[in-house]
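Each chain gets a letter, A, B and so on, in the order its sequence line appears, and its residues count up from 1.
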Amino acid sequence: MPVLRLHNSLTRTREVFAPIDPGHVRMYVCGPTVYDLAHVGNARPVVVFDVLARLLRRLYPKVTYVRNITDVDDKINARAAASGESIGSVTARTAADFHADMAALGALPPDVEPRATEHITDMITIIERLIQNGHAYAADGHVLFSVASFAEYGHLSGRSPDDLLAGARVEVATYKENPGDFVLWKPSTDDLPGWDSPWGRGRPGWHIECSAMSWRHLGESFDIHGGGNDLLFPHHENEVAQSLCCFPGSTFARVWLHNGMLNINGTKMSKSLGNFFTVRDVLAKAPGEAIRMLLLRGHYASTVEFSEDLLADCKRDLDRWYRALERAPAAAGEVPASVMAPLCDDLNTPLAFAGMHALADAAMAGNTEASAGLRAAGDLLGLLQYDSTAWFRGGDDAAEIDALVQARIDARKERNFARADEIRAELAARGLALEDKGGATIWRRE
RNA sequence: GGUCCGGUGGCAGAGUGGUGAUGCAGCGGAUUGCAAAUCCGUCAAUGUGGGUUCGAUUCCCGCCCGGACCUCCA
């Protein structure tokens with residue numbers, strides 16, 4: 001079995017991955033807050049950790065991949081209040097959209113997809129324990145985590161509480177004992193969602209949900225925790241603090257993985273900046289696999305650039321690979337080392353793609369073994385999931401196009417090139433390209 | 001202001017202390033009625049100034065530039 005190495009944010013080194021239980025790998029990844037359609041940047045962690053999950057399943061007998069849905073959040077409340085739609089409707093609709101979009105990107109569903117609102121009791125349990133342990137306190141209807149009570153606070157993100165104080169840009173609430181303390185539970189007014197608790201009717205703070213859901217579904221200690229590097233602080237730092245203080249002796253996640261951001265013109269794609277494209281919009285212009293490939297073209301921890309030109313490049317690459325598969329048809333075989341080795345080396349997808357290009361070259365020359373390897377590599381990466389014919393010639397109008405192509409063949413036989421070129425131009429205008437090979441002609445969608 | 005990350009050919013993007021992957025684009029050619037696809041060939045890069053070293057793109061320091069994060073996240 002190949003050795004898997006992963007860069008652990010916690011230790012800032014590339015380590016050999018050694019699961020707590022080699023018979024059962026457990027991974028938690030922060031999922032979406034369902035208040036609006038996902039943009040392409042939001043899809044990056046989904047795709048990256050989908051690849052990791054697929055790889056882990058090849059390497060280990062059992063994998064439990066948990067990715068939550070955050071369905072209680074002030075952004076959701078604000079969205080519902082603004083539109084008049086109920087909160088339940090906003091979250092249900094947005095979660096369904098998210099599922100459809102991610103499926104279109106070839107991301108398999110996680111094994112468990114817990115919702116924050118289904119874990120309120122677990123959150124309350126954790127908060128109560130933290131209070132008992134002296135790591136949290138109730139004040140002014142809120143419950144706060146006491147940063148000063150946890151000596152290792154800041155360890156994950158590499159910050160000292162002093163640094164944080166110096167950089168504080170938000171006014172410190174008066175009920176905090178320490179400016180770094182963060183909310184575990186907060187009171188809800190009647191117009192806001194709330195649950196009964198020992199501290200009155202309220203709702204959870206931002207970070208507690210992940211501690212509750214990972215605990216419930218993976219246990220106190222598990223193998224991998226993933227998410228975007230914009231969550232490193234404060235979200236992940238606070239998660240670790242809560243969980244470690246609640247479960248003394250546990251390790252929480254042993255390996256932390258953080259994906260880089262998706263940039264557009266050199267800047268992070270984000271809702272607040274408005275420089276984003278929804279997955280849905282981009283899917284209208286390019287196949288999901290092209291978007292997926294774009295997201296995987298850079299190393300997961302680096303920033304990746306997004307543009308329509310780059311998306312078109314990915315489409316071209318995929319077209320060539322599908323052509324190679326068509327040239328040397330074969331069922332998926334073993335994943336070649338030229339692809340497996342890079343993936344096992346901290347998920348080096350760009351280098352894996354280089355391996356796939358070489359396989360495609362060989363397949364193009366008629367090497368069916370290479371073609372089988374290319375197909376297998378595609379399965380591992382969630383690409384090349386279509387039959388070449390479906391990829392190039394899917395759609396309802398195939399029969400009509402075939403007829404036009406036949407008419408052009410007839411025209412060419414008569415050396416009526418004017419008519420032949422006319423038909424070709426007509427098809428080109430519809431986004432269809434032709435290839436004449438010997439006496440035959442094949443067409444494909446561009 | 002604090003912390004951290006990064007600067008590689010036209011674009012994107014890997015690896016590496018010792019002649020700088022890969023893809024797209026460009027250029028030349030083969031092929032084609034012309035194209036497309038395919039094949040062959042080809043151009044072209046390590047921000048900047050020092051240091052360590054026999055040798056640095058790779059390690060160290062300064063500088064410049066870009067980006068991310070800085071607590072109940074408008």
What's the closest nucleotide to the side chain of [X] if the choices are [options]?
{"X": "A:Tyr175", "options": "B:C72, B:C73, B:G33", "value": "B:C72"}
{"X": "A:Ala354", "options": "B:U22, B:G33, B:A25", "value": "B:U22"}
{"X": "A:Lys268", "options": "B:U71, B:G33, B:C69", "value": "B:C69"}
{"X": "A:Arg408", "options": "B:A36, B:C34, B:U71", "value": "B:C34"}
{"X": "A:Met364", "options": "B:U71, B:C34, B:C39", "value": "B:C39"}

Does the distance from a Lys or Arg side-chain N to an Asp or Glu carboxylate O, for A:Arg323 and A:Glu435, drop under 4.0 Å? yes
Does the pair A:Arg444/A:Glu446 count as a salt bridge with the N-to-O cut at 4.0 Å? yes
Where each residue is assigned the nucleotide of RNA chain B containing its nearest heavy atom, which of A:Arg12 and A:His142 is assigned the position nearer the 5′ end? A:Arg12
Assign each of A:Ser157 and A:Gly355 to its nearest nucleotide of RNA chain B by heavy atoms, then name whichever residue's nucleotide is nearer the 5' end. A:Ser157
I'd like to know if [X] reaches the base of [N] with its side chain such that a donor and an acceptor end up less than 3.5 angstrom apart.
{"X": "A:Asn238", "N": "B:C72", "answer": "no"}
{"X": "A:Arg159", "N": "B:C4", "answer": "no"}
{"X": "A:Asp421", "N": "B:G33", "answer": "yes"}

Quick one: label [X] by what it contacts on the DNA or RNA (base, sugar-phosphate, nothing), any heavy atom closer than 4.0 Å.
{"X": "A:Phe392", "answer": "nothing"}
{"X": "A:Arg320", "answer": "sugar-phosphate"}
{"X": "A:Gly266", "answer": "sugar-phosphate"}
{"X": "A:Met261", "answer": "nothing"}
{"X": "A:Thr267", "answer": "sugar-phosphate"}
{"X": "A:Phe417", "answer": "base"}
{"X": "A:Arg424", "answer": "base"}
{"X": "A:Asp317", "answer": "sugar-phosphate"}

Under a 3.5 Å limit on both distances, the Watson-Crick or wobble mate of B:U57 is none
Counting only Watson-Crick or G-U wobble pairs whose two distances fall under 3.5 Å, which nucleotide matches B:A35? none
Roughly how many Å apart are B:C60 and B:U16, using the P atom of each and rounding to a whole number? 15 Å
Determine the Euclidean distance between corresponding C1' atoms of B:U48 and B:U42; express it in Å to zero decimal places. 31 Å
Identify whether a stacking contact exists between A:Trp206 and B:C73, where the ring centres must be under 5.5 Å apart and the planes under 30° apart. yes
Does B:C24 have OP1 or OP2 sitting under 4.0 Å from an N or O in the side chain of A:Lys315? no
Do the side-chain N and O atoms of [X] and [Y] include a donor-acceptor pair separated by under 3.5 angstrom?
{"X": "A:His357", "Y": "A:Trp321", "answer": "yes"}
{"X": "A:Gln385", "Y": "A:Asp379", "answer": "yes"}
{"X": "A:Ser146", "Y": "A:Asp181", "answer": "no"}

Identify the two heavy atoms, one from A:Gly41 and one from A:Leu262, that lie closest to each other, and give their separation to 0.1 Å. N-CD2, 3.6 Å
Minimum heavy-atom separation for A:Asn178 to A:Ala148, with atom names? ND2-CB, 4.3 Å
Geometric cation-pi criterion A:Arg67 and A:Phe49, 6.0 Å radius, 45° cone: no
Could you run down nucleotides 11-16 of chain B 5' to 3' and tag each one B, S or - for protein heavy-atom contact under 4.0 Å? -SSSS-
Out of A:Gln242, A:His235, A:Glu239, which residue meets the side-chain hydrogen bond (donor to acceptor under 3.5 Å, both in side chains) rule with A:His207? A:His235
